[in-house]
Amino acid sequence: MTAPKAKQVPHEHITHGDHRFDPYHWLRDKENPEVISYIEEENRYAEAQLSDVSGFKDNLYEELIGRLKKDDSSAPYEMGGYHYYSRFTEEGEYPIFCRKEGSLDQEEEIILDVNKLAQGKAFCQVGSLSISPDRKMLVYAVDFVGRRIFQLYVKNIETGEILEGPIESGTANVVWAEDNQTLFYSVKDLQTLRPYAIKKHRLGSPQEQDVQVFEEKDDTYYVYVGKTRSKQYLMISSQATLSSEVRFISSHEVDADFKVIIPRERKHEYSVAHHGDFFYVLSNEKATNFKVMKLPISKSGKENWEEFIPHREGVLLEDIDVFKDHYVLSERQDGLTYIRIKNWDQEKDEFLEFDDPAYTASVDHNPNFDTQKLRYNYESLTTPATVYEIELGSMERVILKQQEVIGDFDPAKYTSERIFAKAEDGTMIPISLVRHIETDLDGTAPLLQYGYGSYGITVDPYFSSSRLSLLDRGFVFAIAHIRGSSTMGRAWYDNGKLLNKKNTFKDFISCGRHLIGEKYGSPDKLYAMGGSAGGLLMGAVINMAPNLYKGIISAVPFVDVVSTMLDDSIPLTTNEYDEWGNPNDPVFYDYIKSYSPYDNIEAKAYPPMLVLSGLHDSQVQYWEPTKWVARLREMKTDNNVLLLHTNMDAGHGGASGRYEAYKEVALKYVFLLKLAGITA
């Protein structure tokens, strides 16, 4: 097949007197049959271009799922006299949620079988499950399209009867009050997909009678509802990128008016936990890396709080988990996470110990307030995901669950390390690497470099059984911990957003050059991958350094940044002005335009590329990657392969079924391996 060529229809954007021409603007109309026809043609073209390795792709898929424990189950946790867990059957695409009363020796009770829910559906995602305080009912949220628009259902667990639903909330955010009769849920604007209000639903009453208890008028804020671990308070949280406001009522007084804890202020972010007569406020007020303040529940406002944990210049305080006798701090220092356990009388202050040079560690789901045990997660580039439980008094720990890798996997066959690359401005950027021990670092290995670098989200070194298919074929895998994440503290994020955003892209390029210079990989086999905001990274990098990478995988890429941030009718825009800048301001318009991948395509050679998209994507609208590929085809001067594959039944996260998801992984890997000359 010859490469598809999208037709051009004249369209002009004029902003601040600046003219931008967009001949592919028409691709935004999903109802236009021509649009769907073009996308389907791109899918056929991608399939044809990889037809010579289709058998290899099928074998890769079988290899990937061959490492899975097909009938796997989660580590059970106890709550309210029941042990809850999820499990898969060997052939099941989706989990089955279960519980056992009293002990794990008792008869299993199925709460929700998502496989049955998904019958006849191309897509099915259960967004949340919440058990009523009396343990008799379940509320769950389900999306059958992939656009993250959910419906709520209430189910009698004992009889299996659906008592309520669909409740049209749009979100998966729902919580029970302690009366077992009242649900609070957030409501989503179905055009912008902004959660903008909280409603209260009484079981047995029609949805039309649901009471709106709060509406967020500021369209830069999203609104959510939750419950403290103590179960004593319901919290409504309004969240913008850089600002927060939390209000509360007793979870036993469902008709009370919500009271504000700390009134919102520009650039003040905070979250709230409860213990005894106090709220504990994780705040960045005059504290770049956050502090914890103690505030009496009977009072509100900063004038009534006092310092509990001070701000520390070199330590990012990421979270505080509060329990009856202990509290747990998640801290980040020098790019690594630490879990710190303290008790309220300050006698205990201990850190959990981790062995790898780089790793991922996090506090797990711990629903019980009155407990002497803590669950936490740990994994590294060579250590499969592990759930530990530690006794908070003796600090003795046990492994509750470790991801089982079927086959001859031996962690001793792989080695990981952490190195640093110097950025353009002299900043040292951490890189986490993993390879097979037999892969020589002599400058000949194929190397895949991954990055994200936005929203302050840190991609810590994580284990992937799929990745073994690359490592066993001689690949080196590297995660570049670039600015825009919070790897090295909050300033690391601040220096990679807004008018500092280009640092993110430059850091990634510097990491790639360093890896080649130190012979971790071959200059002819250096590849890069990123998704969503990491797809923006890919788009910016190939414009800035088109010859550095010899292959690019860009998944659901945010690449039409100017047009998207000027359009407040589509999802995410208004909430993200503090991340990218508001281009209605000429200063931000000019800066965003200077790096926006779609607006900076030139007539030059670009590397081979695989671009992945989802037709129902709620985060990055399908037309962004579609338009981007169309313009690249028009402008690029090389003969390198450019493929666009759109999942016609999914959204931002790709396929919903566990086996279907691995087909997308196989597609990525076969593209990379073919570029590297590896076809078996």
Side-chain angles (χ1 to χ4, degrees), residues 1-13 19-54 57 531 535-536 538-543 546-547 549-564 567 593 596-617 620-650 664 667-668 670-672 674-675:
M1 288 180 63
T2 56
K5 202 164 185 179
K7 73 176 184 180
Q8 298 189 24
V9 177
H11 186 89
E12 185 178 9
H13 302 280
H19 296 252
R20 289 183 301 120
F21 299 94
D22 186 0
Y24 303 109
H25 183 81
W26 68 276
L27 288 167
R28 291 168 55 111
D29 183 7
K30 190 163 61 175
E31 304 306 313
N32 181 348
E34 273 191 89
V35 172
I36 300 301
S37 177
Y38 169 69
I39 293 172
E40 289 174 337
E41 187 181 0
E42 284 282 7
N43 280 353
R44 289 191 294 271
Y45 176 71
E47 185 177 356
Q49 287 296 304
L50 295 174
S51 60
D52 59 327
V53 288
S54 61
K57 184 178 72 170
L536 159 64
M538 296 299 102
V541 162
I542 62 169
N543 283 331
N547 299 317
Y549 296 95
K550 309 309 178 187
I552 296 285
I553 297 176
S554 186
V556 290
F558 175 41
V559 283
D560 192 10
V561 188
V562 179
S563 296
T564 291
D567 187 351
K593 185 185 175 188
S596 174
Y598 185 67
D599 295 287
N600 285 280
I601 297 171
E602 297 175 326
K604 61 186 178 186
Y606 286 92
M609 295 178 61
L610 171 63
V611 181
L612 302 174
S613 175
L615 185 64
H616 305 295
D617 198 328
V620 176
Q621 308 305 307
Y622 75 90
W623 62 73
E624 292 204 35
T626 307
K627 288 170 49 180
W628 186 46
V629 167
R631 178 167 274 181
L632 279 167
R633 284 207 196 289
E634 171 201 348
M635 299 289 290
K636 72 190 191 82
T637 59
D638 58 84
N639 293 317
N640 292 326
V641 65
L642 172 60
L643 306 180
L644 171 66
H645 180 270
T646 302
N647 189 324
M648 308 300 282
D649 298 314
E664 297 180 352
L667 173 62
K668 295 176 188 176
V670 81
F671 175 78
L672 274 182
K674 180 181 178 181
L675 290 179

Please confirm whether the backbone N or O of Tyr622 pairs with a side-chain atom of Thr626, one donor and one acceptor, at under 3.5 Å? yes
Examine distances only and state if a side-chain atom of Ser596 and a backbone atom of Lys593 form a donor-acceptor pair shorter than 3.5 Å. no
Between [atom1] on residue [X] and [atom2] on residue [Y], distance to nearest 0.5 Å:
X: Glu624; Y: Asp560; atom1: CD; atom2: CG; result: 5.0 Å
X: Lys5; Y: Tyr45; atom1: NZ; atom2: OH; result: 12.5 Å
X: Phe558; Y: Asp617; atom1: CZ; atom2: CG; result: 11.5 Å

Using the side-chain hydrogen bond (donor to acceptor under 3.5 Å, both in side chains) criterion, which residues pair with [X]? Sequence neighbours excluded.
X: Lys30; answer: none
X: Glu664; answer: Asn647
X: Asn547; answer: none
X: Tyr549; answer: Gln449

Close side-chain approach of [X] to [Y], heavy-atom, < 4.5 Å:
X: Met648; Y: Ile39; value: yes
X: Leu615; Y: Ile36; value: yes
X: Lys7; Y: Val9; value: yes
X: Leu612; Y: Leu667; value: yes

Would you please test Leu50 and Leu643 for side-chain contact (heavy atoms from CB on, under 4.5 Å) and show each step? CA-CA 9 Å; Leu50 295 174; Leu643 306 180; 3.9 Å; yes
Expected list for residues 602-609: side-chain donor-acceptor pairs under 3.5 angstrom, two or more places apart:
from	atom 1	to	atom 2	distance (Å)
Glu602	OE1	Lys604	NZ	3.0
Lys604	NZ	Asn543	O	2.7
Tyr606	OH	Asn543	OD1	2.9
Tyr606	OH	Glu602	N	3.0

Residues in side-chain contact (heavy atoms from CB on, under 4.5 Å) with Asn32, at least two apart? Trp26, Asp29, Glu34, Val35
Excluding sequence neighbours, so at least two apart, what forms salt bridge (Lys or Arg N to Asp or Glu O under 4.0 Å) with [X]?
X: Lys674; answer: Asp52
X: Asp567; answer: Arg28
X: Arg631; answer: none
X: Lys636; answer: Asp638

One pair to check against side-chain contact (heavy atoms from CB on, under 4.5 Å): Tyr598 and Ser563. What are the steps and the verdict? CA-CA 10 Å; Tyr598 185 67; Ser563 296; 5.7 Å; no
Output all residues satisfying ring pair (Phe, Tyr, Trp, His ring centres under 6.0 Å) with His645, sequence neighbours left out; order by chain, then residue number. none
Check the orientation of His11 and His13. Use parallel for under 30°, tilted for 30 to 60°, and perpendicular for over 60°. perpendicular
Closest non-hydrogen atom pair between [X] and [Y], with its separation:
X: Ser51; Y: Ala48; answer: OG-O, 2.8 Å
X: Leu536; Y: Val559; answer: CA-CG1, 4.5 Å
X: Ile601; Y: Met635; answer: CG2-CB, 3.6 Å
X: Pro625; Y: Ser613; answer: CG-OG, 3.4 Å
X: Ala630; Y: Ala6; answer: CB-CB, 4.0 Å
X: Asn43; Y: Leu644; answer: OD1-O, 3.6 Å

Keeping to residues at least two apart or across chains, list the salt bridge (Lys or Arg N to Asp or Glu O under 4.0 Å) pairs with something in residues 38-49. Glu42-Arg633
What do the steps show when you test Leu642 against Asn640 for side-chain contact (heavy atoms from CB on, under 4.5 Å), and what is the final call? CA-CA 6 Å; Leu642 172 60; Asn640 292 326; over 6 Å; no
